[in-house]
**Student:** 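Below is the structure I would like to discuss, written out as structure tokens.
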Amino acid sequence: MHLTSDEEKMLAGEHGPVLERSFRLLVRLGEIYGADKMIPIGSVQVAGVSYKSIGDIGLEFLEDYASQGAKVKVLTFLNPAGMDLENWSALGFPKEFAEKQLKIIDAFRSMGIIISATCTPYLAGNLPRFGEHIAWSESSAVSFANSVIGARTNREGGPSALAAAICGVSANYGLHQNEARKPNIKIEIDEKLDLRSGSDFGALGYYVGKQVKNKIPFFSGIKTEAATTSTLKALGAAMAASGAVALYHIRDITPEANNMPVEGLETLHVEPEAIEETYAKLTTGEVPDIVIVGCPHSSLLEVEKIANALAGKSLKRPFWVCTSRVIKHTADDMGFTGIIEKAGGMVVADTCMVVAPIEDMGYRITGVNSGKAANYLPGFCKQDVVFARLEDLISKCI
Ligand code: F3S
């Protein structure tokens with residue numbers, strides 16, 4: 001791999017131990033995956049933030065790195081934490097957990113990382129341009145950035161994203177290069193399949209991800225009016241969870257699709273039954289003891305729609321709407337939070353149903369409208385799941 005003279009110096013430790021250690025990790029990855037050089041990156045999104053995920057070992061590593069003077073060189077956002085960083089006590093998060101989580105946040109803050117705590121950085125102030133090289137790590141954010149925006153990132157791990165942030169570069173391999181962005185399977189959506197909601201797209205994503213694993217699917221038959229920011233983030237999140245899809249294309253909708261070669265590709269046809277069967281397959285419980293929506297984190301429009309759906313209702317079970325703090329502030333100002341709270345729900349910032357320790361907070365059956373959350377909740381949070389459309393989840397709570 002070609003390195004510039006400055007990069008050689010970094011590797012030789014001339015810029016200090018933190019840069020040396022970080023750059024060495026990037027070089028190693030580049031060697032493994034056959035990179036020809038390092039490339040500058042426009043932004044980073046770092047995962048591995050929840051104390052539930054990284055534990056004391058992760059906390060010690062971050063505090064050690066921060067104490068050695070680690071600083072990021074490019075705009076760097078954080079994935080969700082394990083709790084609402086302001087309202088954790090009222091929501092019932094354990095105090096011991098909160099103390100550790102806040103230390104993790106302090107370590108990231110001291111490195112110059114924006115405490116965005118969201119998996120939708122593109123809705124919260126970190127929007128890359130088409131073709132821009134970035135190093136993001138949360139799988140749904142990676143999928144959205146690659147597919148919907150047309151930016152270029154591999155699915156980074158927490159440590160490699162942090163190293164890229166500290167060095168300001170990433171190794172040039174995989175989805176940074178044109179060749180690796182070509183589709184290798186076609187997905188034909190049956191014309192009778194009427195995809196209406198984020199949960200329908202989540203079910204589709206779960207179904208397709210299971211079949212295609214880490215391939216790059218090329219969809220046809222998705223109606224333009226159904227493909228919104230909300231539905232596309234739900235689709236990508238679920239495909240990245242049930243499979244390992246980091247990039248997808250949709251004819252006439254995503255920016256690179258219509259220039260991609262698709263002749264002769266293996267084809268998977270998706271019938272309407274596949275969607276209803278996926279709802280049934282992912283549902284293992286009957287009555288949720290909490291409903292949590294906002295996976296990936298809700299957009300402002302989604303929060304508004306939920307507020308409209310809950311207006312005047314009285315919820316008999318806990319109902320959380322997860323989003324970023326940036327969106328929550330605007331939802332507060334617009335009165336959406338007030339409407340949701342009046343119905344008995346909560347707008348919860350900085351965290352989500354998967355990275356929060358909900359299993360330690362007394363919850364056993366969680367209702368979700370996200371294919372990704374339905375995929376992870378049994379394993380990560382020991383939950384039975386009710387996977388349903390938003391209106392059905394609301395009706396189970398009143
Ligand atoms: Fe985001 Fe948590 Fe879902 S990180 S994509 S809301 S599992």
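Hydrogens, waters and symmetry mates play no part in the numbers below; they use all other heavy atoms, side chains included. Whatever order the structure lists ligands and atoms in, that order sets their numbers, starting from 1.
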**Student:** Taking ring-ring contact (aromatic ring centres under 6.0 Å, His included) as the cut-off, I'd like each qualifying pair that reaches into residues 242-280, sequence neighbours left out, listed once.
**Tutor:**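 Listed once each, the pairs are Y279-F387.
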
**Student:** Working to the nearest 0.5 angstrom, can you tell me the gap between L204 CG and L195 CG?
**Tutor:** 5.5 Å

**Student:** Atom CD in E20, atom CE in M10: separation rounded to 0.5 Å?
**Tutor:** 11.0 Å

**Student:** Anything under 30° is parallel, anything over 60° is perpendicular, the rest tilted; go ahead and classify Y33 against Y173.
**Tutor:**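 Answer is parallel, since the angle falls under 30°.
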
**Student:** Short of 2.8 Å from atom 1 (Fe) of ligand 1, name each protein N/O/S atom, waters not counted.
**Tutor:** C119 SG

**Student:** Once rounded to the nearest 0.5 Å, what's the spacing between atom CD1 of I222 and atom CD of E225?
**Tutor:** 11.5 Å

**Student:** Looking at CZ of F218 and NZ of K182, how far apart are the two atoms once the value is rounded to the nearest 0.5 Å?
**Tutor:**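 F218 CZ to K182 NZ: 14.0 Å, rounded to 0.5 Å.
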
